[in-house]
2 protein chains.
Amino acid sequence: MSEKQSKTASSAPPGTRQSRGRARRAAVLAAARRLFAQQGFKGASLAAIAQEAELTDAGLLYHFPSKNHLLLAVVAEGDREQDEALEKVQTAKGLPLIERMAEFGADLEADPLLTALDVTLSAEHLQEDSEVNRYFVARYERFRSMLETAFADAARTGDLRADLDPAAEAVNMTAVIDGLRLQWLLSGGSISMAQNMRDYVRGVIARLRA
Amino acid sequence: MSEKQSKTASSAPPGTRQSRGRARRAAVLAAARRLFAQQGFKGASLAAIAQEAELTDAGLLYHFPSKNHLLLAVVAEGDREQDEALEKVQTAKGLPLIERMAEFGADLEADPLLTALDVTLSAEHLQEDSEVNRYFVARYERFRSMLETAFADAARTGDLRADLDPAAEAVNMTAVIDGLRLQWLLSGGSISMAQNMRDYVRGVIARLRA
DNA sequence: TCATATTCCTTGTGATCACTAGGTTTTTGA
DNA sequence: TCAAAAACCTAGTGATCACAAGGAATATGA
């Protein structure tokens, strides 16, 4: 109902045709993110998305040649945003990175729409062989290996116990994040990802302290 | 392609009309469970389900008056099976119940179809206001409160530290289970729920030992 | 034997879907 | 000033969907 000026770094002067086009495209992407997040890919029709973006479905298809292209654009945009967030986290290594994960729940709560999008789309494409599925598989793998490296580093440097299992710790921390997202969504936000993630990380460190 | 004799405790003699009808109904339910688990509620058409059960969609609608009725029947059947499993777990209390949860991952792997159904349908109905959503909300609540009670009992009896946070431990253990289901499905089974759940429970107990 | 109930099919219906064809307006650059 | 391109729209198209109406086959019970 608001915030129309969500342009992506545009160099064109405002009011021109190019900037109007870009703004429309961005509006469509934002509407698609909202509806995909709430109703899933199959559940959200092009007409509904177009209506949210204040144009017709045919008009939408001028900017994105098919519903699947739109989906991939939405996913790619979310990927970019999450990559930026992860790069900040990865300025830390080993134990500091793990300690930083305590705030990851709060980070997710800061962008509820992106979080809901991720949960809904990943669940919808869990078992099918598609580009979206491969994207999520790859993303999980990256996340897990980042954590695994951090645990291995912390064990090597002596910050945490040397006999910890980095792979198992990585899988379980990833699982906690995912599970908290589910409960957070299912409870309508009344179960806090932020608080429970802090508790979990504190518990892990307490258990693995050298 | 096989196993047609999946009757539900029927007292009618075989070969009769009544038993044939019951067997058909069960076949439809099984087909619906398979397709809902793999493709979700919206993704599976009545025609596809009917074809799996070897009849027409109109024939299917004789047994279940609408697609939503079929969904609720599938959900209710899964609920019954999971309730039986949970009752066995709940013969234990306090710390023994928590220790028993170490095998919960293995239990889930024993019925991949029911597990996939649960994940897919719960994700598809995360945010919508429907009977299925209310069912999953209630189920999570029951599960969490069971764990919370167990942790509280263990703290009271002195089996675990008296200063533990039962609610937080319950939320996080529930989250681990859900997250493991996701990674298990997304990895095509190569990430073991059984092993990681055992690791998690062992870690929790190690941390909370009195 | 015969009326009846069960089970399932054929056929059709209206709604919705993603997408297309082709036109219209508006801006732009030469 | 004017041709061309961008950014839409109107009006379809065929496919698919859940579901309805009514009939046919079969088994059952009186």
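In what follows, every chain begins at residue 1, and chains take the letters A, B, ... in the order their sequences are listed.
- With Met101(B) as reference, Leu147(B) is the one residue of Val204(B), Leu147(B), Asp107(B) to meet the side-chain contact (heavy atoms from CB on, under 4.5 Å) rule.
- The nearest whole Å value for the distance from the CZ atom in Phe64(A) to the P atom in dT20(C) is 16 Å.
- For Phe136(A) and Phe143(A), the distance between ring centers is not under 6.0 angstrom.
- Across the protein-nucleic acid pair, Leu46(A) atom CG and dA15(C) atom P stand 21 Å apart, rounded to whole Å.
- Residues that satisfy the salt bridge (Lys or Arg N to Asp or Glu O under 4.0 Å) test with Glu128(A), not counting sequence neighbours, are absent from this structure.
- Whole-Å rounding puts the Ile49(A) CD1 to dT16(C) C1' distance at 15 Å.
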Check: protein-nucleotides 10-13 of chain D nitrogen or oxygen pairs below 3.5 Å:
none

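- Rounding to whole angstrom units, NE2 of residue His63(A) and P of dC9(D) are separated by 9 Å.
- We find that Asp178(B) and Arg181(B) are joined by a salt bridge, their nearest charged nitrogen and carboxylate oxygen being less than 4.0 Å apart.
- Between the CZ atom of Phe41(A) and the P atom of dC17(C) there is a distance of 13 Å, given to the nearest Å.
- Taking 4.5 Å as the limit, some side-chain heavy atom of Ile177(A) sits within range of a side-chain heavy atom of Met197(A).
- Atom NZ of Lys42(A) and atom C1' of dT16(C) are 17 Å apart (whole Å).
- Rounded to an integer number of Å, the gap from CG of Leu61(B) to P of dG22(D) is 17 Å.
- Taking atom NE2 of residue His69(B) and atom P of nucleotide dA20(D), one finds them 11 Å apart after rounding to whole Å.
- When the nucleotides dC9(C), dA18(D), dC17(C) are ranked by their closest atom to the side chain of Leu55(B), dC9(C) comes out on top.
- Taking side-chain N and O atoms only, Arg24(A) has no distance below 4.0 Å to OP1 or OP2 of dA7(D).
- With a 4.5 Å cut-off on side-chain heavy atoms, Asn133(B) and Glu124(B) do not count as touching.
- Taking 4.0 angstrom as the limit, Tyr62(A) places a side-chain polar atom (N or O) nearer than this to OP1 or OP2 of dA7(D).
- In summary, Arg139(A) and Asp118(A) do not engage in a salt bridge, as defined by a charged side-chain N under 4.0 Å from a carboxylate O.
- Contact annotation for Ala48(B): no contact, since no heavy-atom pair falls under 4.0 Å across all strands.
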